[in-house]
Each structure stands twice: as structure tokens, then as C-alpha cells.
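All chains are named by letter (A, B, ...) in the order of the sequence lines, taking the proteins before the strands, and each is independently numbered beginning at 1.
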Protein chains: 2
Amino acid sequence: MITERELQAGSTRSKILAIAAEEILRNGFQSSSIGEILKKACVSKGCFYHHFNTKQALGYAVLDESLTQTKTQMWKPILTSENPLQSVINMLNNPDQYLDCETVKHGCPINNLAQEMSPLDEGFRSRIEAIYTEWKIQLSESLQRCQNSGEMIKEANADEIATLVIAVIQGAVGIAKNAQQPTSFTEYTQGLVNYLQKLQIHN
Amino acid sequence: MITERELQAGSTRSKILAIAAEEILRNGFQSSSIGEILKKACVSKGCFYHHFNTKQALGYAVLDESLTQTKTQMWKPILTSENPLQSVINMLNNPDQYLDCETVKHGCPINNLAQEMSPLDEGFRSRIEAIYTEWKIQLSESLQRCQNSGEMIKEANADEIATLVIAVIQGAVGIAKNAQQPTSFTEYTQGLVNYLQKLQIHN
DNA sequence: CAATATACAGACCAACTAGTCGGTATGTCA
DNA sequence: TGACATACCGACTAGTTGGTCTGTATATTG
């Protein structure tokens, strides 16, 4: 049974995680200050260290509990749609509908963390790799579904296309972040869209 | 006239820049400590602040004087080669010959800095954007040269292909960095290679 | 040779860092 | 009701940060 007390504690923890995710998106993990997170979450230091043993533990928790969700929220509609290949093309053509302006400004929170922390901390690295692997597998399976339902040519290797899509998106998000404007995103994915359209079978 | 004194000072400055570039590649800009750079460069604090007014100024100098060179060293041979399209394909197929293991581990130094600093500091952002823009233009021109010399089909849009190549490379370097192994790089660029080969005209 | 400017040395500072620790208030449960 | 555990409080510490300041040694120049 879950007590009132545990409920309250859980919401405190969630609040810390949410604020931490924001701060990390803005400043990166290492340059995010616990003190600043405490201030913004209106939480005392004692409270924070009651919920998280170290700053590293906070980082892991943000990945495990917050960012995996973020990724699922973004991609599940696309992957489970009627025609995933078309959905991917739609997303690349209308990124505004899928990416909020925070993401354009600060990039993909998962990829940011990957770039900063993977060479430095195996715990971050393995968690992020798991997310990427799952992403790739799901996208590949969705594309295979397109092939089976006759919406995508069977000559293409679904796995290879999936990896290409992911690489282009990661690259384009990074470049758009640097340009600080979303038009760059479409500019850099246009080549991919043209390629994907050649794989489509229109019934 | 350049005095012996200025020569010595220049070499001190260069030493600081080289060490700083290494440290920034490893830890990022914000998490690189000036103290650590001083220690590794065997240089006093007074000396450092004689050459660079602030940490920010050091970061700008690393971009302007060190990383632009790094980029040129890497790409000039490819861009000015007989058949740039083929050279790009070669590079994607044999990244080991072009990327050292430090780059695989820590990623592209320019892109790292972009992802970390572009949203936070306009000086970093604009410098990096200039490098990217130059890169894209040069690559596009090289591909046009391929089209003119009959090594690449003219139906393709050189500019669009250039941006696609850059996006995929950035994405793949990032993913390889996360996986911490260079095989990921070729895995994620394979789709692009197949695409590029379709653009080739073999005489 | 004397005056000066440059290159460097390193003690010092205020602000900030992650993390600790003794204490407290209160919901839970026997 | 009373003992206990959980959630939280915030002063404190030890160390690090970027940056300043006074001082010095010497190459350059008038």
C-alpha cells in the first residue's frame, strides 16, 4: 500500500527530476549546479541528498526516469502509426509540429548528454546506448512493417535506412542548434527526405 | 621586424592553445579548468592572463587559431583531390585512416564546442557557424566539380548532397562517440555511401 | 648605458562547488 | 499512545573556480 507520505515524497522527487532535466538541457550535466537546481525546485539541500546520493545519481535518474519517457513520447506516435515511413517524412518536413523551440535551441537532451558524458562516465554511456539501440530497432521494425504492407520497396535494407535516418536527424538537430534556427533542420534533412521518397510505393 | 622575444612569447602562446584544445576536447569548455591547463602547459597564471584576458578569450582563440586549422587539415586533401566524391566515399569507408582514435573517443572538437556553447554564447556560435558554412560551400563546390568532370550525375543537387553528407557525418561521429567504437561510424554512414555510389558515374 | 615595455611569476581573493552532518517535524504502525 | 522511520532543514566544510595584483627579470630601443 502506498502511504500519503510516500506520495508526497514521490512528488518532491519528481519535481527535482523535472527541474534537473531542464537545467541539464540548458547547461549540460557538469555545468549544472545542484545549488541552482535546489533554488529553482524550492527544495533544501538535505532534502535533495535524501533522494539522491550524489550528483551522478541524479544524472542517471534523469536519464532513466525522465529522458527515456521524453523519447517515447516523441517517437511512439510515429513508430506506431499506420504508415511509419510517411510519418517520418512528415516529421522531417514539419519539424515545428514535433520539436518545441526549446529543443531547437538546446538540442536533443539525450544526445547532449551523450556527447558530454559518454567518454567520461560509463554509467551515462551504457544508459544512452540502450536508448539509441531501442530507437534503432523500433524504427527498423516499423520500416519493415512498411515493406510488408507494400508501402516501401523491399530492395532497401530497413536496418540500414533506420540507422541513416537516425544519423541524419542527430546531425541536423546539432546543426540547427548551432544555427539557432529551425530552418536549418529542414535544410539539412531535405536530402534524406528525397531519398526516403524514392523508397516509397504510392498505392 | 620580429624579435627573439616575440618569438618566444608566440611559442608560449601556442603551447597554451594546444593544451587548451586538448583539454576542451576531453572535458568540454566549461568543465575545462584554467588551473589544469596551466599545470599541463607548465605555465604560470600570470603568464596565462598576459596572453588571454579571460577564459572566454582563450575559447575564441582555440576556435580561431587551432580548430579552423584542424578542420582544414582534415578536409583539404579530400576537397582538392582529383575526384572529391570518390574521396568522400573512401573516407566514409575507411574512417580509421582519417580520424584518429582521440576523435572517435571524444568526437569532433568543433561540433562538441558547438553543442555545448552555441546556445550560451554568441561569440562561439557565430565562429562555429562560419566554419560550418565554409565547409558546406567547399564541399558543394567540389561536388559540382565532379558533375562538370562527368564523375557525378548532374540531376543531383550538389548543395543538397553536401548538406546531407555533413549531417550524416556529424550524426555518425556523435553516435560513434557514444558507442565508443569506430565500427559504429561505418555502420551509420553505410546508407549514405550506398546513396552516394548511386550518384557516381564510372568511366 | 639608461629607460621602457614586454613576458612572466605566484600569492591572493571572493564566489562557488559537491557533499556532510546534527537536528527536527511528522506520518505510520505496533 | 508511544516508538520509530522517513522526509526534510540548513549551517558548515574542504576544495576548486576564474580572475587580480604586486613584483621581477630581461630583451629592446632611444
Side-chain angles (χ1 to χ4, degrees), chain A residues 1-24 26-63 65 113 116-117 120-121 123-124, chain B residues 1-24 26-63 65 113 116-117 120-121 123-124:
Chain A
M1 181 212 164
I2 192 162
T3 66
E4 185 189 328
R5 206 186 165 90
E6 283 168 342
L7 210 74
Q8 175 57 38
S11 104
T12 305
R13 190 189 151 90
S14 301
K15 186 164 62 178
I16 296 174
L17 277 177
I19 301 280
E22 255 181 66
E23 281 292 297
I24 292 173
R26 281 186 160 68
N27 312 311
F29 176 72
Q30 296 176 96
S31 296
S32 285
S33 140
I34 292 182
E36 195 64 25
I37 292 170
L38 300 185
K39 221 185 288 173
K40 292 196 175 160
C42 298
V43 149
S44 75
K45 202 149 225 186
C47 176
F48 175 86
Y49 277 97
H50 171 72
H51 288 285
F52 304 97
N53 284 326
T54 61
K55 189 187 181 185
Q56 187 192 50
L58 171 69
Y60 290 178
V62 166
L63 262 174
E65 297 167 45
L113 221 35
E116 179 186 7
M117 297 307 296
L120 305 178
D121 184 304
F124 279 99
Chain B
M1 180 216 166
I2 192 161
T3 67
E4 184 190 329
R5 205 186 164 91
E6 284 167 341
L7 212 70
Q8 175 58 38
S11 104
T12 305
R13 189 189 152 91
S14 301
K15 186 166 60 177
I16 296 173
L17 277 177
I19 301 279
E22 255 180 67
E23 282 291 297
I24 292 173
R26 281 186 161 68
N27 312 311
F29 177 72
Q30 295 176 96
S31 296
S32 285
S33 136
I34 292 182
E36 195 65 25
I37 293 170
L38 299 185
K39 222 185 286 173
K40 292 195 175 160
C42 298
V43 149
S44 74
K45 203 151 224 187
C47 176
F48 175 86
Y49 277 97
H50 172 71
H51 287 284
F52 304 96
N53 285 325
T54 60
K55 189 187 181 186
Q56 187 192 51
L58 171 69
Y60 290 177
V62 166
L63 262 174
E65 296 168 47
L113 221 35
E116 181 186 5
M117 297 306 297
L120 305 178
D121 185 303
F124 278 99

(request) Name the residue closer to the 5' end of DNA chain C, choosing between B:Val43 and A:Thr54 according to the nucleotide with the nearest heavy atom. (result) B:Val43
(message) Heavy-atom nearest nucleotide on DNA chain C for B:Cys47 versus A:Lys55: which residue maps closer to 5'?
(response) B:Cys47
(message) Could you tell me how far apart B:Leu38 (CG) and C:dC8 (P) are, to the nearest whole angstrom?
(response) 13 Å
(request) Please report, rounded to the nearest Å, how far the P atom of C:dG19 is from the CD1 atom of A:Ile34. (result) 5 Å
(message) I'd like to know if the side chain of A:Glu116 reaches the main chain of B:Gly28, judged simply by a donor and an acceptor atom lying under 3.5 Å from each other, with no hydrogens or angles considered.
(response) no
(request) Determine yes or no for a side-chain-to-main-chain donor-acceptor pair under 3.5 angstrom, with B:Ser32 supplying the side chain and B:Glu23 the backbone. (result) yes
(message) Measuring only between side-chain heavy atoms, which start at C-beta, is A:Arg13 closer than 4.5 Å to A:Glu65?
(response) yes
(message) Please confirm whether the shortest side-chain N or O distance from B:Ser33 to OP1 or OP2 of D:dT17 is below 4.0 Å.
(response) yes
(message) Is A:Thr12 close enough to D:dA7 that one of its side-chain N or O atoms is under 4.0 Å from OP1 or OP2 there?
(response) no
Among [options], find the nucleotide with the atom closest to the side chain of [X].
| X | options | answer |
| --- | --- | --- |
| A:His51 | D:dG18, C:dG19, D:dC8 | D:dC8 |
| B:His50 | C:dA7, D:dG19, D:dG10 | C:dA7 |
| B:Ser44 | D:dG18, C:dC8, C:dA18 | C:dC8 |

(request) Report yes or no: is the cationic atom of A:Lys55 (NZ for Lys, CZ for Arg) under 6.0 Å from the centre of the six-membered ring of A:Phe48, at an angle within 45° of the ring normal? (result) no
(message) By the 4.0 Å heavy-atom rule, please label B:Ser32 as base, sugar-phosphate, or nothing.
(response) sugar-phosphate
